[in-house]
There are 2 protein chains.
Amino acid sequence: MEKQSKTTKGINKVCKHNIRAIHDTLDVIGGKWKISIISCLSFYPMRYSELLREVEGISGKMLSRELKELEMNQLITREVLSTQPITVQYQLTEYGETLKPLTLTIADWGLNHRKQIIG
Amino acid sequence: MEKQSKTTKGINKVCKHNIRAIHDTLDVIGGKWKISIISCLSFYPMRYSELLREVEGISGKMLSRELKELEMNQLITREVLSTQPITVQYQLTEYGETLKPLTLTIADWGLNHRKQIIG
DNA sequence: CCGTATCCTAAGGGATACTG
DNA sequence: CAGTATCCCTTAGGATACGG
């Protein structure tokens with residue numbers, strides 16, 4: 001009877017299962033900027049130029065590229081407002097809102113980490 | 001009195017604050033494989049070759065590179081066992097364990113996401 | 001078994017200039 | 001204001017071969 005082997009096999013299955021799930025998530029919100037953009041929009045809808053200001057370090061090219069991908073994945077909506085001049089409003093969809101816990105968890109850990117390495 | 005302006009300014013501060021925290025986290029566990037490796041090791045300590053098997057798709061070069069970085073950030077420990085032949089055991093440090101909620105949140109979202117796009 | 005070294009390609013990403 | 005296009009450099013990452 002290989003009790004241990006069976007247990008190990010079971011855990012490995014769970015392990016691979018989790019890794020696949022993690023991979024799925026990263027496909028959607030991986031990359032350097034997406035989580036930051038989502039975190040920003042979780043406060044309130046923003047225009048392109050606002051995001052450019054808030055997400056420090058991002059370039060215009062990357063911002064529009066990432067926004068397009070987030071829109072494709074139905075996490076945000078893009079709305080052209082007929083102001084003068086025209087402005088564009090981005091906001092989280094209901095589905096995008098489901099990422100809030102994730103962004104908060106990530107931000108929390110980073111906050112604590114900074115304390116750890118400083119202190 | 002610009003009530004709205006003041007409020008907005010306050011929120012923007014929180015926003016940038018969060019983005020900085022997110023950036024800090026991604027500095028440590030960003031990249032394609034680190035979260036997967038941590039997720040794996042959260043089940044039990046593993047050897048190099050086990051990880052190579054569990055983390056599907058990773059190459060040997062990337063695995064050792066990522067492990068080294070995780071070790072540098074004190075998230076995992078590397079222990080050479082004097083077996084025959086020599087094996088190397090990796091495991092989460094106590095600090096590394098603090099990432100568990102994060103990996104779980106990410107895995108959960110990915111699991112649900114797969115259901116969404118299939119269903 | 002546990003890596004490192006080398007080589008090479010593809011993707012990431014910044015700067016700048018330009019368009020509607 | 002909200003992007004697109006171009007150029008160009010840097011990093012990610014795979015394959016293979018080799019060393020301890």
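Throughout, a chain's letter reflects where its sequence line sits, starting with A, and its residues are numbered from 1. Hydrogens, waters and symmetry mates play no part in the numbers below; they use all other heavy atoms, side chains included. The structure presented is a predicted model; accordingly, all values stated were derived computationally and were not measured.
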Name all residues meeting the side chain to side chain donor-acceptor pair (under 3.5 Å) criterion together with B:Thr98; count only those two or more places apart in sequence or in a different chain, and write none if there are none. A:Trp109
Holding to side chain to side chain donor-acceptor pair (under 3.5 Å), I want the full list of residues that pass it with A:Asn73, two or more places apart in sequence or in another chain. none
Any residue meeting side chain to side chain donor-acceptor pair (under 3.5 Å) with B:Arg53, in chain and number order, not counting sequence neighbours: none
Listed by chain and number, what are the ring pair (Phe, Tyr, Trp, His ring centres under 6.0 Å) partners of A:His23, not counting sequence neighbours? none
Taking DNA chain D as the partner, which of residues 56-67 of chain A come within under 4.0 angstrom of it by heavy atom? A:Lys61, A:Ser64
What ring pair (Phe, Tyr, Trp, His ring centres under 6.0 Å) pairs are there with at least one residue in residues 63-87 of chain A, not counting sequence neighbours? none
Below 4.0 angstrom, which residues in residues 24-51 of chain B have at least one non-hydrogen atom near DNA chain C? B:Arg47, B:Tyr48, B:Ser49
Rounded distance (Å) that lies between atom C1' of D:dG3 and atom CG of A:Leu70: 16 Å
Check the side chains of B:Asn12 and A:Tyr44 for a donor-acceptor pair under 3.5 angstrom, ignoring hydrogens and angles. yes
Between A:Ser42 (side chain only) and A:Lys100 (backbone N and O only), is there a donor and an acceptor less than 3.5 Å apart? no
Is there a donor-acceptor contact under 3.5 Å from the side chain of B:Thr103 to the main chain of B:Ile35? no
Close side-chain approach of B:Met62 and B:Trp33, heavy atoms under 4.5 Å: yes
Listed once per pair and sorted, the ring pair (Phe, Tyr, Trp, His ring centres under 6.0 Å) pairs that draw on residues 45-78 of chain A, sequence neighbours left out: none
Where does the chain B footprint on DNA chain C start and end, counting 5' to 3' with a 4.0 Å heavy-atom cut-off? C:dC1 to C:dC7
Begin with the C-alpha distance, continue with both residues' side-chain angles, and end with the deciding distance and a verdict on salt bridge (charged side-chain N to carboxylate O under 4.0 Å, His left out) for A:Glu71 and A:Lys68. CA-CA 5 Å; A:Glu71 196 192 354; A:Lys68 214 178 290 174; over 6 Å; no
Kindly compute the distance separating CG (A:Leu52) from CE (A:Met46), expressed to the nearest 0.5 Å. 12.0 Å
Check ion pair B:Lys34-B:Glu66 (N to O, under 4.0 angstrom): yes
Quick test: give all pairs of protein nitrogen or oxygen and nucleotides 9-11 of chain D nitrogen or oxygen below 3.5 Å, distance rounded to 0.1 Å.
none

Can you list, in residue-number order, the parts of residues 80-89 of chain B that come under 4.0 Å of DNA chain C, counting heavy atoms only? B:Pro85, B:Ile86, B:Thr87, B:Val88
Go through the structure and list residues passing ring pair (Phe, Tyr, Trp, His ring centres under 6.0 Å) with A:Phe43, not counting sequence neighbours. none
Decide yes or no for A:Leu51 and A:Leu41: does some side-chain heavy atom of the first lie under 4.5 Å from some side-chain heavy atom of the second? yes
